[in-house]
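Each remark here refers to the structure printed beneath this line.
Residue numbers start from 1 in every chain, and the chains themselves are labelled A, B, ... in the order their sequence lines are given, proteins ahead of strands. Just so it is clear, the values below take in all heavy atoms, side chains as well, and ignore hydrogens, waters and symmetry mates.
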Protein chains: 4
Amino acid sequence: MISNEEVKERRKARQINQKDRILQAGEKIFARKGFHLATLEEIARDADLAKGTIYLHFLNKADLFVSVIEKKLNILLKKIKEVVREEGPPVEKIRKVTEIHLRFLEQNKNFFKILHSLPGEHKREMEKELTERVIKKNASYLGIIQKLIEEGIKRKEIKPLNPRKLAVILVGMVHSLTINWISCNEKYSLSEDHNLAWEIFWKGARLDSFNKR
Amino acid sequence: MISNEEVKERRKARQINQKDRILQAGEKIFARKGFHLATLEEIARDADLAKGTIYLHFLNKADLFVSVIEKKLNILLKKIKEVVREEGPPVEKIRKVTEIHLRFLEQNKNFFKILHSLPGEHKREMEKELTERVIKKNASYLGIIQKLIEEGIKRKEIKPLNPRKLAVILVGMVHSLTINWISCNEKYSLSEDHNLAWEIFWKGARLDSFNKR
Amino acid sequence: MISNEEVKERRKARQINQKDRILQAGEKIFARKGFHLATLEEIARDADLAKGTIYLHFLNKADLFVSVIEKKLNILLKKIKEVVREEGPPVEKIRKVTEIHLRFLEQNKNFFKILHSLPGEHKREMEKELTERVIKKNASYLGIIQKLIEEGIKRKEIKPLNPRKLAVILVGMVHSLTINWISCNEKYSLSEDHNLAWEIFWKGARLDSFNKR
Amino acid sequence: MISNEEVKERRKARQINQKDRILQAGEKIFARKGFHLATLEEIARDADLAKGTIYLHFLNKADLFVSVIEKKLNILLKKIKEVVREEGPPVEKIRKVTEIHLRFLEQNKNFFKILHSLPGEHKREMEKELTERVIKKNASYLGIIQKLIEEGIKRKEIKPLNPRKLAVILVGMVHSLTINWISCNEKYSLSEDHNLAWEIFWKGARLDSFNKR
DNA sequence: AATGAATGAGTCTTCATTCAT
DNA sequence: GATGAATGAAGACTCATTCAT
């Protein structure tokens, strides 16, 4: 005999599962076709659901799109914030964050494709606020790197250059390597590129007087 | 009295002029709205032409889009190839190329916006070959940098790292700085960032034993 | 201890109560939004029930719509038939019926709004029979007035004009006054208009030779 | 040889013709199905045009709907205003206006069906302003009758009753007769009913002391 | 050559209805 | 009985593309 409570819990579990399936299908299709060419029809089919069901979980196409990104971005940010909270010198943290970032992109290339297409995927006026939300969240990642760099500069480990731009450069390197990896059909391990990126950035940005390892 | 020759030439001139106006309007509108949200109606209006006229010069919307990019890319590539043909050490050429690249992006931010949106602007199957064309041309820029780096490595000026990836990293830095510049509403001179990018890249990539300036 | 009988009765009572709540909610929402813009979702919410429950009592949306009207129409017809059964001259009965009609509309403006929208709320082919039902019932009201007028003519109290059309005219006056009352935001007492309607109709329709009051 | 001017004029003429065909198709289909059940697809088919063409002439479905009504209403109002401008006693004008009104409805029953369904055809919030426009125009007809009645009262030809409500009653009679005529499948001449309506209204509303004709 | 009116395929979104629980 | 999650049919609207003038 199944209690009423249990029934409700099962339903809820199924729903969460369903929402997740939609998000996954969304990630896949949006990555493959971009926002405009992806159709809810196709996403629903991929999630093995009816079109209308998507609207039980999301306001509209744009909301689904943003939710797909936000979900992944939250996971990445959580991982990164964990590293930042650890003890240790900021430079080491930056290295670790870069490593995590690349590993995450390697495992979530669909997400990366969507994220990278974000600025190009112009939205209709009414959908802008949604995009805004994601762009802010994305920017917060840059802010974390920037803070670590500022600390590194304070500790005389990093050259006193514009910390914002140094962060921009580091992230740019990571993204560019990811694009290259994807355009090579992921024939090598992206996270291994971490050493290369770090070599260039660290040798380039460290304060020359700082004790070289 | 106007000769037959002259009439033909004038016509041709007008047509070229017309085509150029469409390309310029396309650059503007595509940059503002992205591929899918830009309408031929609006582009035609901006070019002060009728919608149908666009089809006298371009196959379709995608062709116009790609042509807008190609035209600019050709200009950039021409400038860069000039530098490459000059005498001098490859490292210096790389520096110059980077400088030219940033200056070009500063003066053509519309173009950059479109270029950056390219991976996201997926096309329908039949239009893929068009996009291919641009991606190849864009890649040829990367190839130039790569060759210069290979030479630098041969001359023991640059560390014997993967030249392709070093090129990727350098271009990634440039793009990332450009994105940052645009997201700051272009409040500073982008070409000044050239020094920063070069500082990081060069300090990071030069062979330590190489004579430091 | 509750008897089996009692349990059944309670259930039935609850059901009737439920059905009535749906009818009331329907009256409210249909009046506010019209047939097409009213949603079963909203009606269910207003009746504090689940959407599916409506289908335990009604065939479909159209059936509910028609039932809402029929229920009210039955109440009105019952009241009117009572008056008709009374002793007295037909002309006096007509006056009373008109009075009751206006008072009823005053107290049931939701219903009136729905009724008046009926001709405009065209149904899909398969739902026509439902609408037929209501239209017939509505017509039966007209028939009652007509019969009274016929009698009045026979008794030489009313001019020997087309009794059907006289009935149509009288009902038209009543409806028109009601529309006016609603469009004035019900700022006055509608049933007071009864005197005016009667004055015009009676003075206009009475046989001149008939003893003037 | 056809001049450029001529080409333009022909085009314009064709367009006006086209717009009119859409309006006529709209009148027909809206009358048959009501606002919500009428589809642009069907209207376009009936006008022998493609769906998209409707949008070259009207903003959207609601705009077409309102335009259908407005067009007819303008014609009716024009006719009525002509009568009002004539010389003569107000009572006679009212009689004439009523006659014109009935004749117009007889010849435009589609229009009448739409007009009568108007209050029931609730619109979405954004479409309300459109409906507003029509309701006002429709009300202006009532205003004209009201003014004539006021004059009649001043001239001691009509009883000093509420002129607004007298107008409401007269219009209600006319509408009700029209509904009856339609529900009888238009088997008789509606404009003949004019005499009946006038008989009732005039005998009912005239000041008893006024010289009886 | 140049135009822009006409087209109709394509897609988001809503909501009555069903049915497993 | 009662629920409300899931469905999918239906329709307004947009816009690239065509073609008569």
Checklist line | Runs of at least three consecutive pairs that involve DNA chain F, where pairs are Watson-Crick or G-U with distances under 3.5 Å | finding: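 Stems (3+ consecutive pairs) listed as E:2-21 with F:2-21.
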
Next item on the list: Just jot down the ring-ring contact (aromatic ring centres under 6.0 Å, His included) partners of D:F58, sequence neighbours excluded, or say none.
Entry: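 With neighbours one apart ignored, the set is empty.
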
Once you round it to whole Å, what is the distance between [atom2] of [N] and [atom1] of [X]?
X: C:F35; N: E:dC15; atom1: CZ; atom2: P; result: 13 Å
X: C:D63; N: E:dA16; atom1: CG; atom2: C1'; result: 14 Å
X: D:H36; N: F:dA10; atom1: NE2; atom2: P; result: 18 Å
X: B:F65; N: F:dT17; atom1: CZ; atom2: P; result: 14 Å
X: C:N17; N: F:dG1; atom1: CG; atom2: P; result: 15 Å
X: B:L37; N: F:dC15; atom1: CG; atom2: P; result: 7 Å
X: B:I54; N: E:dA2; atom1: CD1; atom2: C1'; result: 12 Å
X: C:I29; N: E:dA16; atom1: CD1; atom2: C1'; result: 16 Å

Within the 4.5 Å heavy-atom criterion, are [X] and [Y] side-chain neighbours or not?
X: A:K51; Y: A:R45; value: no
X: A:I43; Y: A:F30; value: yes
X: B:H116; Y: B:F111; value: no
X: D:R32; Y: D:E42; value: yes
X: D:I69; Y: D:K137; value: no
X: A:F35; Y: A:K61; value: yes

Next item on the list: Go through E:dT3, F:dT17, F:dA6 for me and flag the one nearest to the B:K51 side chain.
Entry: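 Taking heavy atoms from C-beta onward, the closest nucleotide is F:dT17.
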
Item checked: Out of F:dT3, E:dT17, E:dG4, whichever nucleotide has its closest atom nearest the side chain of C:T53 ->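 Of all the options, the side chain of C:T53 is nearest to F:dT3.
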
Checklist line | Strand contacts (DNA chain E) in residues 38-49 of chain D, 4.0 angstrom heavy-atom criterion | finding: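 Residues of residues 38-49 of chain D that come under 4.0 Å of DNA chain E are, in numerical order, D:L49.
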
Note to self: Quick check against the 3.5 Å criterion: does A:T53 have a side-chain atom that pairs as donor or acceptor with the backbone of A:L49?
What the structure shows: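 Not confirmed, A:T53 side chain does not pair with A:L49 backbone.
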
Check: OP1, OP2 of F:dA2 versus side-chain N and O of C:Q18: anything below 4.0 Å?
Finding: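 So the side chain of C:Q18 is within the cut-off, an N or O lying under 4.0 Å from OP1 or OP2 of F:dA2.
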
Note to self: Assuming nearest nucleotide by heavy-atom distance, tell me which of A:K61 and C:G52 is located more 5' along DNA chain E.
What the structure shows: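 Checking each residue's closest nucleotide, the 5'-ward one belongs to A:K61.
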
Next item on the list: Please check if atom CG in C:D48 has more than 12 non-hydrogen atoms from other residues, nucleotides or ligands closer than 6.0 Å.
Entry: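 No, the 6.0 Å shell around CG holds no more than 12 heavy atoms from other groups.
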
Margin query: Quick check on DNA chain F: between C:L56 and B:Y55, whose nearest nucleotide comes earlier from the 5' end?
Written below: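 It is C:L56 whose nearest nucleotide is closer to the 5' end.
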
